[in-house]
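Single-structure report; data block below.
Treat the numbers as computed from the prediction; the structure is a model and nothing was measured. For the numbers below, each heavy atom of this structure counts, side chains included, while hydrogens, waters and symmetry mates do not.
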Amino acid sequence: MRAQSSATQPTAIAVDTPPATRDRVSAGTLQAALGVVAFSLTFPATAWGLEGFGPWSLVAVRSVLAALIAGGCLLALRIRLPERGHLPGLAVVAAGVVLGFPMLTTLALQTSTTSHAAVVVGLLPLTTAALSALRVGTRPSRTFWTAALAGAAAVVAFTVQQSGGALSTADLYLFGALLVCAAGYTEGGRLARVMPGWQVIGWALVLCLPLSVPAAAIALAYEPVTLTAHAVAGLLWVAAGSQFLGLVVWYRGMAAIGIPKASQLQLAQPLLTLVWSVLLLGEHLTVAAPLTAAAVLVCIAVTQRARG
């Protein structure tokens, strides 16, 4: 009996999940969820920022503030400069995530509602997956491409219907934002294999300082600024919350629970933005907005299952 008991004991230990692992997964899930919440507030915060800043001023000052926070963290932790071979990839991240996406979405939000923009940009995971497949030379299944195209068709139909039968200038800005951000995410994901993800966005922000500082000075000189409570809160959130701290907890969460599980949490982002647009901005949702967002989420879930 003793021999049988001792023989079965190791099997029980191997099956049980260690408490430390469970705690790490729980903490990672919480961090990734906080990142999704931070990202979901970006469009409402941008709309608030536009109440007191011009679009060029908002984006430039946002980039400068985020870079100062990131640079301070890099200096405090004594992080060494990135290798020269990583600079082209960091330039793509900077152009897509730090400059291109914020600028194009800010221009779009001058005439578009945040709920409309949230539905369109909800296509970002599909766009990123498609560009990533092309970048690394993988061959996704037909199911993947069918779901991706279905999601794209749903968003195009939504934008055309909302714009009265034709794409508006704001829609063109949003579709452009999708492409440049997907390129930045794809290149950032590649770099995150060789350096921590927060350092990727941190160095991308710092590398933009030679452009963002003079751009901020020029924009502030030409665009009138009204420092309302909404404008200041919106600026601080998109700089500190969306562009840096949100990415820090997001990448830490992904490292703890893995990209597939973290991506499942990100499926809630467009719907969360729709909720914020109602609560913070008082927007009225059409029936098409949540229905299209839900359809896109289903397509994203199918693509992830096909990839996994």
Side-chain angles (χ1 to χ4, degrees), residues 34-70 97-122 124 159 162-163 168-178 180-181 205 208 211-247 269-286 289-290 293:
L34 289 175
V36 171
V37 173
F39 300 150
S40 71
L41 282 162
T42 300
F43 285 172
T46 300
W48 274 7
L50 287 172
E51 293 180 11
F53 293 89
W56 299 96
S57 300
L58 181 61
V59 173
V61 175
R62 160 187 177 169
S63 179
V64 171
L65 292 178
L68 292 177
I69 297 172
V97 178
V98 177
L99 298 177
F101 184 81
M103 187 71 256
L104 291 170
T105 53
T106 300
L107 290 173
L109 287 172
Q110 288 186 292
T111 56
S112 173
T113 64
T114 59
S115 57
H116 180 94
V119 174
V120 176
V121 178
L124 181 58
T159 54
Q162 293 286 299
S163 302
S168 65
T169 301
D171 292 326
L172 297 179
Y173 283 141
L174 291 171
F175 283 120
L178 281 175
V180 297
C181 190
L205 285 164
C208 285
L211 293 175
S212 58
V213 170
I218 295 172
L220 289 172
Y222 283 92
E223 291 181 338
V225 175
T226 304
L227 296 180
T228 65
H230 274 183
V232 174
L235 171 63
L236 292 178
W237 182 261
V238 293
S242 300
Q243 196 144 27
F244 185 68
L245 296 178
L247 285 167
Q269 185 174 322
L271 294 176
L272 281 174
T273 300
L274 294 181
V275 173
W276 298 131
S277 69
V278 174
L279 296 179
L280 300 178
L281 304 175
E283 293 184 1
H284 298 285
L285 300 182
T286 64

Quiz item: Which atom pair, heavy atoms only, marks the closest approach of L281 to P44?
Solution: CD1-CA, 4.0 Å
Practice problem: Taking the side chain as every heavy atom from C-beta outward, state whether V61 and L235 have any atom pair closer than 4.5 Å. | Solution: yes
Quiz item: Under the side-chain contact (heavy atoms from CB on, under 4.5 Å) test, which residues partner T286, sequence neighbours left out?
Solution: Q162, A288, A289
Exercise. Could you go through the side chain to side chain contact (heavy atoms under 4.5 Å, CB included) check for C208 and L99 one step at a time?
Key: CA-CA 8 Å; C208 285; L99 298 177; 3.9 Å; yes
Quiz prompt | Closest heavy-atom pair and its distance - A239, A66 | solution = O-CB, 3.4 Å
Quiz item: With T42, which residues qualify under side chain to side chain donor-acceptor pair (under 3.5 Å), at least two apart?
Solution: S242
Quiz item: Does CZ belonging to F244 count more than 12 external heavy atoms closer than 6.0 Å?
Solution: yes
Run the side-chain donor-acceptor check on residues 101-108: report pairs under 3.5 Å with partners two or more places apart or on a different chain.
from, atom 1, to, atom 2, distance (Å)
T105, OG1, F101, O, 2.7
T105, OG1, P102, O, 3.2
T106, OG1, P102, O, 2.6

Practice problem: With sequence neighbours left out, write down each residue that passes side-chain contact (heavy atoms from CB on, under 4.5 Å) with V278, or none if nothing qualifies. | Solution: L285
Self-check item: Contacts of type side chain to side chain donor-acceptor pair (under 3.5 Å), residue S40, not counting sequence neighbours
Solution: W276
Quiz item: How long is the span from the OG1 atom in T273 to the NE2 atom in H116, to the nearest 0.5 Å?
Solution: 14.0 Å
Quiz item: Considering all heavy atoms of both residues, which atom of A118 and which atom of L274 are nearest to each other, and what is their separation?
Solution: CB-CD2, 4.3 Å
Quiz item: Side-chain contact, heavy-atom cut-off 4.5 Å: V275 with L271?
Solution: no
Pair up each side-chain donor or acceptor in residues 47-59 with any protein partner under 3.5 Å, not counting sequence neighbours, and list the distances.
from, atom 1, to, atom 2, distance (Å)
E51, OE1, H230, ND1, 3.2
S57, OG, A219, O, 3.2
S57, OG, E223, OE1, 2.7

Quiz item: Among all residues two or more places apart in sequence or in another chain, which pass the side chain to side chain donor-acceptor pair (under 3.5 Å) test with T114?
Solution: E283
Self-check item: W237 CH2 to Q243 CD distance, which is reported to the nearest 0.5 Å
Solution: 13.0 Å
Quiz item: Which residues satisfy the side chain to side chain donor-acceptor pair (under 3.5 Å) test with T113, sequence neighbours excluded?
Solution: S115
Quiz item: Shortest non-hydrogen contact from A117 to S112?
Solution: N-OG, 4.0 Å
Self-check item: Euclidean distance, L174 CG relative to C181 SG, rounded to 0.5 Å
Solution: 12.0 Å
